[in-house]
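Reading through the structure tokens given below for one structure.
Values reported hereafter were calculated over all heavy atoms of this structure, with side chains retained and with hydrogens, waters and symmetry mates removed.
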Amino acid sequence: MEIRNVAIIAHVDHGKTTLVDQILKQCHVFREGQQVQERVLDSGDLERERGITITSKNFAVTYGDVRINLIDTPGHADFGGEVERVLKMADGVLLLVDAFEGPMPQTRFVLQKAMHLDLKPVVVINKVDRPGARPHEVLDEVFSLFVDLDASDEQLDFRGVYASGRDGWAVDELEDERRDLKPLLDMIVRHVPAPVAQEGPLQMLVAAMDHSDYVGRIGIGRIVRGTMTARSPVTLIKRDGSRNRAQVKQLYVFDNLGRREVERVECGDICAVVGLEGVDIGDTLCDPEAPEPLPIIAVDDPTLSLFFMPNDSPGYGQEGKYVTSRQVRERLLREAERDVALRVEDTASADKFKVSGRGILHLSILMERMRREGYEFMVGQPQVIYKEIDGRKAEPVEILTVDVPADLAGTVIEFAATRKGEMLKMDQKDGRAYLEFSIPSRGLIGFRSRMLRATAGEIVMHHRFLQYEYFKGAIPGRTTGSIVSMGDGKAVAFALDALQDRGTFFVEPGENLYTGQVIGEYTRDEDLVVNAQKAKQLTNMRAAGSDRKMKIAPALKMSLEEALEYLRPDEYVECTPQSIRIRKAILDENERRKAAKRQRLSESGD
């Protein structure tokens, strides 16, 4: 049977997973009348809740006498590490672009990686039936994007179809009859090259990992040279150059949404290998008689880091199962094995671990997974990772694309300027402004939540890493202080009502608080320590005008990303399976003052 290996790349929300649903249906993966959930590939709870792909997945469909191995990739630049490794398994890419929005910054990011690997592109202009669709203009924009990315003449001569993934049809020309996805599948078979069979000793690069409670680690990758047979001996060459002997116990190829066990896998096919002790992403499997390593998967360096610590708040261990530093460290190291873009380092303190990733979303997804698995921990303020270039300090700079109502464009431009952003482009169309900025990664921390409030949720923004540039200078931080709880106990409505004019609260009456917990945002640029447990004096003395009617504003509840962006250097986010709280690093007020005084003295050199 012929094989085609194709990776699907698209921007967030351009309809990639919905199109895949239709491909699976039309290739008869599901039996007649079978109940199938929407977005079947978004299998994780977090993926379904957020509507984004986080981890790449392999599956295969049979079309005629061709087996098409499809690799679903994330659309968000923060998960670029997933994309960089799985593109190694493909010979072509299916580029999906929204017929209204056109190519977006993160489409560009992933496409650039595909171009460098010289993969053959097939373009799908999706959602051509939506109001305001402009398929012909978008096709021209895609061509311009290919030119910008220095595509070869062969890549510029790409083929494309117009499609509606939701309704399950694709056409070569807009006037053609709209029936099914046959034109798209035909185009994949015709224009994506079959894998080149290389004769010689076995070579396979492990590009993805899976785990089973019964058989342990499963290495997934593409056979670059030779063939592999079940129960044969192999040499495992690690990323650091060390070599281990192993035996292939079982071999699987991808078949529909599952796997099928086989005795032999030919060159160019994608397979899953069982029985390799200690296998990791980036390792090479090769013939014991001719052990030659393949080039290691090149991954862009992380741009953001933060510190993980075990939870030491007064209520630690009440909600989580795993609370010790050893358990937190083991979980982080396990994640680093699966995610090549994540770095975990030990620090001088045995209870503090430095974790580096691609962005706030990348790190917050890891934290959310850990919370749901029963871990309790704290994290510090995210910091960008600086480098030294020609003896000068350099920082990561990103391209920020903003889509906002035209009358609010001035607000965004003004705020971006305070964050050292430089406007590169501005277009106006149908009452909306499209802005593009070059902005340091530091300036993006807290940008989204601030602009969502300023534009009443009307802003749509995306960003991708551009390059390291020389340090841009100081960027103003948060201009508001924190309201901090003075004591332990439940928050009392009477106390919160009296303090409402001081700021915005994050807690509801009746919530358990502890000393040093940040319970609100103060209107001034300093911290305010309050007694949120103060109750009304219940005496029998009353005056007609002294009783006040309480009207308490709803508490501001932050997501994990918003809490990370909100932090000050002397604050931590406390994550437990049921709660996300912000607290001071030093809980006691007197100790905080002493520490601040010591820091001022050390900075003044006394």
Side-chain angles (χ1 to χ4, degrees), residues 11-14 46 49-52 54 74-80 101 104-109 302-306 357-368 379 381-384 395-405 407-426 432-466 472 475-480 504 506 521 556-568 571 573 575 580 582:
H11 184 76
V12 183
D13 271 348
H14 278 199
L46 278 171
E49 284 168 25
R50 292 168 182 251
I52 59 173
I54 295 170
H76 203 288
D78 275 26
F79 307 110
E101 293 183 352
M104 298 294 278
Q106 287 157 16
T107 317
R108 182 192 186 101
F109 169 82
T303 58
L304 206 67
S305 70
L306 46 73
R358 285 289 181 79
I360 295 252
L361 183 64
H362 185 203
L363 295 167
S364 71
I365 290 290
L366 163 63
M367 291 157 63
E368 189 65 49
V379 294
Q381 186 188 38
Q383 303 286 342
V384 299
E395 64 176 329
V397 172
E398 308 202 19
I399 292 287
L400 169 68
T401 310
V402 174
D403 170 7
V404 72
D407 57 329
L408 296 170
T411 309
V412 178
I413 294 166
E414 187 181 347
F415 187 62
T418 66
R419 298 297 187 97
K420 304 293 181 189
E422 296 174 18
M423 192 160 72
L424 307 175
K425 205 160 67 177
M426 179 176 182
R432 293 189 76 82
Y434 299 89
L435 313 169
E436 197 171 283
F437 300 92
S438 158
I439 188 168
S441 296
R442 284 181 302 141
L444 283 173
I445 296 174
F447 193 99
R448 181 185 294 273
S449 47
R450 175 77 183 269
M451 286 294 96
L452 279 170
R453 283 203 292 270
T455 62
E458 288 272 353
I459 191 170
V460 180
M461 55 178 276
H462 304 284
H463 54 91
R464 64 179 175 86
F465 173 71
L466 176 64
K472 305 273 186 185
I475 290 176
R478 201 174 93 206
T479 55
T480 54
T504 309
F506 307 151
E521 182 178 30
L556 176 65
K557 296 295 182 186
M558 290 191 186
S559 67
L560 201 43
E561 289 103 86
E562 287 169 339
L564 288 172
E565 291 181 338
Y566 181 81
L567 282 189
R568 277 188 158 182
E571 293 170 352
V573 173
C575 297
I580 296 168
I582 299 174

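- In this structure, Pro440 and Val384 have side chains that are not in contact, with every pair of non-hydrogen atoms separated by 4.5 Å or more.
- Under the 4.5 Å side-chain criterion, counting only non-hydrogen atoms from C-beta, Leu304 is not in contact with His362.
- Counting heavy atoms from C-beta outward, Leu363 and Val379 have side chains that stay 4.5 Å or more apart.
- Between Phe447 and Met461, the closest side-chain pair of non-hydrogen atoms falls below 4.5 Å.
- Considering only heavy atoms from C-beta on, Thr480 stays 4.5 Å or farther from Thr504 through its side chain.
- Here the side chain of Arg419 pairs a donor or acceptor atom with the backbone of Ile445 at under 3.5 angstrom.
- You'll find the side chain of Ile360 stays beyond 4.5 Å of the side chain of Arg448, heavy atoms only.
- Atom CG of residue Leu400 and atom CZ of residue Arg464 lie 11.0 Å apart, to the nearest 0.5 angstrom.
- Partner Val460 forms a side chain to side chain contact (heavy atoms under 4.5 Å, CB included) with one of Thr401, Val404, Thr455, Asp403 and no other, that one being Asp403.
- Taking the six-membered ring for Trp, Tyr566 and Phe506 have ring centres closer than 6.0 Å.
- Between the Gln381 side chain and the Leu567 main chain, a donor and an acceptor come within less than 3.5 Å of each other.
- Annotation: salt bridge (charged side-chain N to carboxylate O under 4.0 Å, His left out) contacts of Glu395 (sequence neighbours excluded): Arg442.
- With hydrogens and angles left out, the side-chain atoms of Ser441 and Glu398 include a donor and acceptor closer than 3.5 Å.
- A side-chain donor-acceptor contact under 3.5 Å links Glu561 and Ser364.
- Looking at Thr303, its side chain does come within 3.5 Å of a backbone N or O of Arg358 through a donor-acceptor pair.
- The salt bridge (charged side-chain N to carboxylate O under 4.0 Å, His left out) search around Asp407 returns none, not counting sequence neighbours.
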message = One pair to check against side chain to side chain contact (heavy atoms under 4.5 Å, CB included): Val402 and Met451. What are the steps and the verdict?
response = CA-CA 10 Å; Val402 174; Met451 286 294 96; over 6 Å; no

